Q: 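Let me give you the structure first, and then I'll get to my questions.
Given the structure is predicted, the values throughout are model-derived calculations rather than measurements.
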Amino acid sequence: IVVRDETIVFAGSVAESRDFAGAGAARVDLHGAYVVPGFTDSHIHTAQLALQHNEIDLSGAGSLENTLARVRDAIDARATLTPDLAADWLFGGRWNSLTWADTTLPTRWQLDSVTGPVPVALHHGDLHTFWLNSAALDRLGISAEDQDPIGGSYGRDGQGRLTGILGESAAFAAERFFADQTSAALDATLEATLARLLAHGVTTIHDIDGEDALRAFSALRSAGTLPLRVHKLMPVAALDALIDAGVTSGSGDAWLRYGAVKIFGDGSLSSHTCLLHEAYTGQPENFGVAVTPADLLNDLVARCNDNGLAVAVHCIGDGAATNALTALESSRSSGRPLPAVPNRIEHLQHVRAHDLARLGGLGVIACMQPASCTSDIDMVDDLLHGRDLLSYAWRSALEAGVHVAFSSDAPVESTNPFTGIHAAITRQRPDGTPELGWQPQERLSREQAFVAYTRAPAVASAESATKGALAPGFLADFAVLDRDPFAVDTTALLQTRVLQTVVGGQSRYTA
């Protein structure tokens, strides 16, 4: 490969490349290592991933008692080490009451018992729920008299008192407030987080976080220190400002550009808030939550597309997928010009077969997370068993003509693309279970899985002419691997190491 500035200008044999480059070119010998196009993580919460390093990790607590003990210990440690910050916000996350012996959602009073006056906010592992103590509710100005926001909820007990659980749009509103409290921490941790992505061979990210992440990326870009490329999706809360500023999807440069507007169609399966056509088993009144009701979704999709902005609609449940497709079809049939960047559906975890066929004719990207499939096997079997649904159906999506782009949804799953590639081609957990793969008819070939991490995300960002291939005219973004990923068995594939990552012709990571 011959690289000039940021671009590949020739690819051929060693002798041909040497002749093309000329005697003055610098030569880098990789000693037989294997080169692939740089990976793109097409749905990643970079700010949340970075801020994890300043949060209490509750993922392995295993019980309410252990969770509270971790919070108490963190408060005590901070009071000792940094007493001037003792009354400031304390953040943590990745708790999941479904893994506790008592699966009942926790309450603010339980949290109050170990926190006192310190405001504490703890996000659920699915990033759709916050657990707050009384001090945090007071700081946010939320009281029992407040009505639930559209598409969200303030948890209440039988007496109507707030329990401290904020769900869906209520949680997202709180998260926007918290962004002001964590901006300094984000600046301090973002570069190290991007370095870890480079160590996994990731050269482009499609960031799904908010305006705080855009501010941090923009600062790095202005300083000339942004080490990988960012396609920045924006929250729907910023829609008015984007339109007023004349921003359109695809505007920006080769390092930082705007993508779609993120709209929540529903919640999550683990919180029983993803929108289903059929009620949850044992909960006849619960069909999930339309975080953005269908009529409003139709209006938002039309408004975005009318203003040159693509949409990225979060859809976990089959009901949300139906609503999103209806909105996208309506926008398409109106005759209005499509944005320069394709519309997207994020996750598309559970969908009816006839809706998948509808999706294939729309030119919409399905952004899916293969590692979540194998993480969720038991939960999906438990909650959705027997329903006529396609789950994590990336092969069926490809066969329906859908462009499928892969991602991690980090911090939900690992940012290592080989975790996702292994899951996509085996439908197995890293330990090899289930033996033949879960719903193995949806397994992909290795080539299809690699395309979903390279060429397909370039289609999603309208950059397929310059990204995702090792060919003249394409950006010199590639990863150097310690083995041929198409020749080793699946166990060895999962253990692949990245030796070097090149972005824009410059080595940004070396093992």
Q: Out of curiosity, Leu390 CG to Tyr392 OH, how far, rounded to the nearest 0.5 Å?
A: 13.5 Å
Q: Under the salt bridge (charged side-chain N to carboxylate O under 4.0 Å, His left out) rule, what do Asp355 and Arg358 come out as? Steps first, then yes or no, please.
A: CA-CA 5 Å; Asp355 276 346; Arg358 293 169 67 192; 2.8 Å; yes
Q: Tell me if the centroids of the rings in Trp95 and His124 come within less than 6.0 Å of each other.
A: yes
Q: Counting the benzene-type ring for Trp, do His200 and Tyr509 have ring centres under 6.0 Å apart?
A: no
Q: Quick one: does any side-chain atom of Glu442 pair with a main-chain N or O of Arg395 as donor and acceptor, under 3.5 Å?
A: yes
Q: Using modelled atom types and a 3.5 Å cut-off, is there a donor and acceptor pairing between side-chain atoms of Gln428 and backbone atoms of Pro434?
A: yes
Q: Just jot down the salt bridge (Lys or Arg N to Asp or Glu O under 4.0 Å) partners of Asp482, sequence neighbours excluded, or say none.
A: none
Q: Please check if the side chain of Trp89 supplies one atom and the backbone of Ala121 the other of a donor-acceptor pair under 3.5 Å.
A: no
Q: Is a donor on one side and an acceptor on the other found under 3.5 Å between the side chain of Ser396 and the backbone of Ala393?
A: no
Q: Measure across Trp100 and Leu64 and return the closest heavy-atom pair with its distance rounded to 0.1 Å.
A: CD2-N, 3.6 Å
Q: Could you tell me if the ring centre of Phe172 sits under 6.0 Å from that of Phe264?
A: yes
Q: Check for a donor-acceptor pair, side chain of Asp157 on one end and backbone N or O of Arg161 on the other, with a separation under 3.5 Å.
A: yes
Q: Partners of Arg139 by salt bridge (Lys or Arg N to Asp or Glu O under 4.0 Å), sequence neighbours excluded?
A: none
Q: I need the minimum non-hydrogen distance between Pro342 and Ala310, along with the two atoms involved.
A: O-CB, 3.4 Å
Q: For Asp112, which residues count as a salt bridge (Lys or Arg N to Asp or Glu O under 4.0 Å) partner, sequence neighbours excluded?
A: none
Q: Can you check whether Val289's main-chain N or O pairs, donor with acceptor, with Asp266's side chain at less than 3.5 Å?
A: no
Q: Return yes if some donor-acceptor pair links the side-chain N/O of Lys232 with the main-chain N/O of Asp209 below 3.5 Å, else return no.
A: yes
Q: Can you list every pair that meets salt bridge (Lys or Arg N to Asp or Glu O under 4.0 Å) and has a residue in residues 365-379, with sequence neighbours left out?
A: Asp378-Arg429
Q: Give me the ring orientation class for Phe450 and Phe39: parallel if the planes are under 30° apart, tilted from 30 to 60°, perpendicular past 60°.
A: tilted
Q: Would the distance check show the side chain of Thr501 and the main-chain N or O of Leu198 forming a donor-acceptor pair, the cut-off being under 3.5 Å?
A: yes
Q: For the ring pair His206 and His43, is the centre-to-centre distance below 6.0 Å?
A: no
Q: Taking 4.0 angstrom as the limit, do Asp187 and Arg215 come out as a salt bridge?
A: yes
Q: Set out, in order, the CA-CA distance, both residues' side-chain angles and the distance that settles salt bridge (charged side-chain N to carboxylate O under 4.0 Å, His left out) for Asp388 and Arg352, then state yes or no.
A: CA-CA 7 Å; Asp388 187 18; Arg352 292 181 167 185; over 6 Å; no
Q: To the nearest 0.5 Å, how far apart are CG in Asn66 and CG in Leu58?
A: 10.5 Å
Q: Enumerate the residue pairs fulfilling side-chain hydrogen bond (donor to acceptor under 3.5 Å, both in side chains) with a member in residues 167-183, sequence neighbours excluded, ordered by first and then second residue.
A: Gln48-Glu175, His128-Glu168, Glu168-Thr273
Q: Does the side chain of Asp126 pick up a donor-acceptor pair with the side chain of Ser271 at under 3.5 Å?
A: yes
Q: Return the set of residues passing salt bridge (Lys or Arg N to Asp or Glu O under 4.0 Å) with Arg70 (not counting sequence neighbours), or none when no residue passes.
A: none
Q: Taking atom types as modelled and ignoring hydrogens, do the side chains of Asn133 and Trp109 form a donor-acceptor contact shorter than 3.5 angstrom?
A: no
Q: Is any side-chain N of the basic residue among Asp148 and Arg156 closer than 4.0 Å to the acidic one's carboxylate O?
A: yes
Q: Check for a donor-acceptor pair, side chain of His314 on one end and backbone N or O of Gly267 on the other, with a separation under 3.5 Å.
A: yes
